Amino acid sequence: MEILDLNLQNYLDNHCDAEPEALQTINRETYVKVLKPHMLSGHYQGRLLSMLSKMMQPERILEIGTYTGYSAICLAEGLAENGVLDTIEANAEMEPLIRKNFELAKTGDKIRLHMGEALPRILKFEDNLFNFVFIDADKKNNINYFESVIPKVKPAGLIIIDNVLWKGKVYGEANDADTQNIRKLNDLVAKDTRVEKLILPVRDGILLIRKK
Ligand SMILES: C[S@@+](CC[C@H](N)C(=O)[O-])C[C@H]1O[C@@H](n2cnc3c(N)ncnc32)[C@H](O)[C@@H]1O
């Protein structure tokens with residue numbers, strides 16, 4: 001399932017940096033071997049995550065929703081020296097593949113994988129810890145994730161939430177539960193005075209949030 005028009009996607013992919021070799025392999029194998037491969041960030045969005053991370057040079061990154069590890073590897077490219085990325089994944093069946101992919105990308109001890117439900121794990125991190133958070137797990141919990149990570153993020157830290165345009169449904173007539181949840185999140189963040197915010201119409205919509 002393609003989110004963007006294929007010609008546009010190809011044009012974007014051909015006019016950004018090449019996808020690193022390990023990520024090409026992970027991308028290809030995810031499409032061949034794993035269910036719901038469209039969940040993977042992919043070449044263009046992956047380069048955006050990498051670039052944002054390199055601009056911030058974060059010491060600590062938190063990712064919610066690892067899947068096959070693709071976006072974690074992209075984000076880890078920008079970590080400061082000795083920086084660490086923590087990523088949380090609930091689906092135990094993914095663990096061997098995620099670990100294999102981190103090994104392939106030679107991420108060493110830069111990435112720490114936490115298997116289990118995201119919410120209780122987030123609450124265990126200390127406050128004011130992360131410079132950068134990527135929220136990309138079960139969409140129904142987006143508001144819970146946003147509220148629980150806010151205290152964990154340092155001032156001027158960045159939170160990114162994926163899929164906030166929900167294939168255009170949020171500004172159309174659709175009224176299913178997922179669409180309503182995402183609309184509620186976007187409305188809540190738009191009014192939140194603790195943060196600056198902006199939706200980028202990249203792929204399925206990325207909400208960029210900067211903590212004041
Ligand atoms: C959209 S995929 C993540 C894609 C990945 N960030 C990427 O861009 O390559 C969402 C992942 O979140 C995981 N997930 C869903 N609910 C979760 C929860 N409650 N806690 C932790 N992970 C969860 C799913 O198993 C799935 O692997």
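Just the heavy atoms: all of them, side chains too, but no hydrogens, waters or symmetry mates, feed the values below. Counting convention: from 1, in listed order, for ligands and their atoms alike. What you see is a predicted model; the values in this text were computed from it and never measured. One is the number of the first residue; the rest follow in order along the sequence.
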Going by the order shown, which atoms of ligand 1 are within less than 4.0 Å of some heavy atom of [X]?
X	answer
Ser41	7 (C), 8 (O), 9 (O)
Ala118	20 (N), 21 (C)
Asp136	1 (C), 2 (S), 3 (C), 4 (C), 5 (C), 6 (N), 7 (C), 8 (O), 10 (C), 11 (C), 12 (O)
Glu117	18 (C), 19 (N), 20 (N)
Tyr70	9 (O)
Ala137	10 (C), 12 (O), 14 (N), 23 (C)
Glu63	6 (N)
Asn91	25 (O)

What is the nearest protein non-hydrogen atom to [atom], stated with its residue, atom name and distance?
atom	answer
atom 22 (N) of ligand 1	Ala90 N, 3.1 Å
atom 7 (C) of ligand 1	Ser71 OG, 3.0 Å
atom 11 (C) of ligand 1	Glu89 OE1, 3.6 Å
atom 18 (C) of ligand 1	Tyr145 OH, 3.5 Å
atom 15 (C) of ligand 1	Asp138 N, 3.7 Å

Which part of Thr66 is near ligand 1, with near meaning a heavy atom under 4.0 Å away: side chain, backbone, both or neither?
-> backbone

May I ask you to identify, for Met94, whether its side chain, its backbone, both or neither come under 4.0 Å of ligand 1 on a heavy-atom basis?
->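 Near ligand 1, Met94 shows nothing, with every heavy atom at 4.0 Å or more.
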
Regarding [X] and [Y], does a basic nitrogen lie under 4.0 Å from an acidic carboxylate oxygen?
X	Y	result
Arg60	Glu126	no
Lys110	Glu77	no
Arg99	Glu103	no
Asp86	Arg112	yes
Asp127	Lys152	yes
Glu19	Arg28	no

Which ring pair (Phe, Tyr, Trp, His ring centres under 6.0 Å) pairs, counting each pair once, include a residue from residues 85-128, with sequence neighbours left out?
->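 Found His114-Phe125, Phe125-Phe130.
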
Polar atom proximity, [X] to ligand 1 (N or O, under 3.5 Å):
X	answer
Lys139	no
Leu40	no
Phe134	no
Asn141	no

When rounded to the nearest 0.5 angstrom, what is the spacing between NE2 in His38 and OG1 in Thr30?
->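 Between atom NE2 of His38 and atom OG1 of Thr30 there are 12.5 Å.
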
Can you sort out the partners of Tyr11 under ring pair (Phe, Tyr, Trp, His ring centres under 6.0 Å), two or more places apart, ordered by chain and number?
->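 With neighbours one apart ignored, the set is His15.
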
Same apolar cluster: Leu48 and Ile61, side chain cutoff 4.5 Å |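 Leu48 clusters together with Ile61.
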
Is the shortest distance from a heavy atom of Gly116 to ligand 1 less than 4.0 Å?
-> yes

Is there a heavy atom in Lys36 that sits closer than 4.0 Å to ligand 1?
->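 Distance cut 4.0 Å: Lys36 fails for ligand 1.
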
Please name the pair of heavy atoms, one in Asn27 and one in His43, separated by the smallest distance, quoted to 0.1 Å.
->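 Heavy-atom minimum between the residues: ND2-N, 4.1 Å.
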
Asn131 and Gln57 side chains, donor-acceptor separation under 3.5 Å = no

Within-4.5 Å side-chain heavy-atom neighbours: Val189 and Leu207 | yes

